[in-house]
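Step one of this worksheet: look at the structure below.
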Amino acid sequence: MPLIAILHGCTQTPSDFAGSTQASALADQQQFIVVYPKQTSSYNSPSCWNWFLPGNQVRGYGEPAIIAGIVQSVKRNKAQWDIGPQRVYVADLSPGGGDGCDHGGDLSRSLRR
């Protein structure tokens, strides 16, 4: 089963983004799992993902590692679903777009274990 981590844009919440994309309804219809990680204003005042910070551009650190941890947590629940390592994706909206590139490298390596 595929899993998609969808990163919201600045000033959005995961709920805002889920509602505007209708990704949850599509996930139900097409049989995939969607997760909506949340960036909070305590880490970035307009709730943007901090893709531009050097600590978030290194494999295994910062926000990419947090997103990979969320995905790993979902994957461990094998009683509910079986997510293959080749079927994990990140979708995002700018400036989440920069984070998506960073996360892609982190996810591809960590999920093949």
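- Partners of T40 under the side chain to side chain contact (heavy atoms under 4.5 Å, CB included) rule, at least two apart in sequence or in another chain, are K38, S42, Y43.
- At distances below 3.5 Å, at least one donor-acceptor pair connects side-chain atoms of W49 with backbone N or O atoms of H8.
- In this structure, a donor-acceptor pair under 3.5 Å is absent between the side chains of N50 and N56.
- Considering all non-hydrogen atoms of both residues, F52 and N44 come closest at CZ-ND2, 4.0 Å.
- Between the CD atom in Q57 and the CG atom in L53 there is a gap of 8.0 Å [rounded to 0.5 Å].
- For Q80, the side chain to side chain donor-acceptor pair (under 3.5 Å) partners two or more places apart in sequence, or in a different chain, are N77.
- In this structure, the side chain of Q39 does not engage the main chain of S47 through any donor-acceptor pair within 3.5 Å.
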For residues 11-19, which side-chain donor-acceptor pairs fall under 3.5 Å, sequence neighbours excluded?
residue: Q12; atom: OE1; partner: G9; partner atom: N; Å: 2.7
residue: T13; atom: OG1; partner: S15; partner atom: N; Å: 3.4
residue: T13; atom: OG1; partner: D16; partner atom: N; Å: 3.0
residue: T13; atom: OG1; partner: D16; partner atom: OD1; Å: 3.4
residue: T13; atom: OG1; partner: D16; partner atom: OD2; Å: 3.3
residue: D16; atom: OD2; partner: T13; partner atom: N; Å: 3.1

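- Shortest non-hydrogen contact noted between A23 and Y36 is CB-OH, 3.3 Å.
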Check: Passes side-chain contact (heavy atoms from CB on, under 4.5 Å), V35 versus I6? Steps please.
Finding: CA-CA 6 Å; V35 294; I6 300 180; over 6 Å; no
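- With a 4.5 Å cut-off on side-chain heavy atoms, I4 and I33 do not count as touching.
- Going from atom CG of L7 over to atom CD of E63 covers 9.0 Å, rounded to the nearest 0.5 Å.
- Every residue two or more places apart in sequence or in another chain that forms a side chain to side chain contact (heavy atoms under 4.5 Å, CB included) with A25 is listed here: Q22.
- Of the candidates I70, V88, V90, L3 forms a side-chain contact (heavy atoms from CB on, under 4.5 Å) with just one, namely V88.
- For A27, the side chain to side chain contact (heavy atoms under 4.5 Å, CB included) partners are F32, V34, not counting sequence neighbours.
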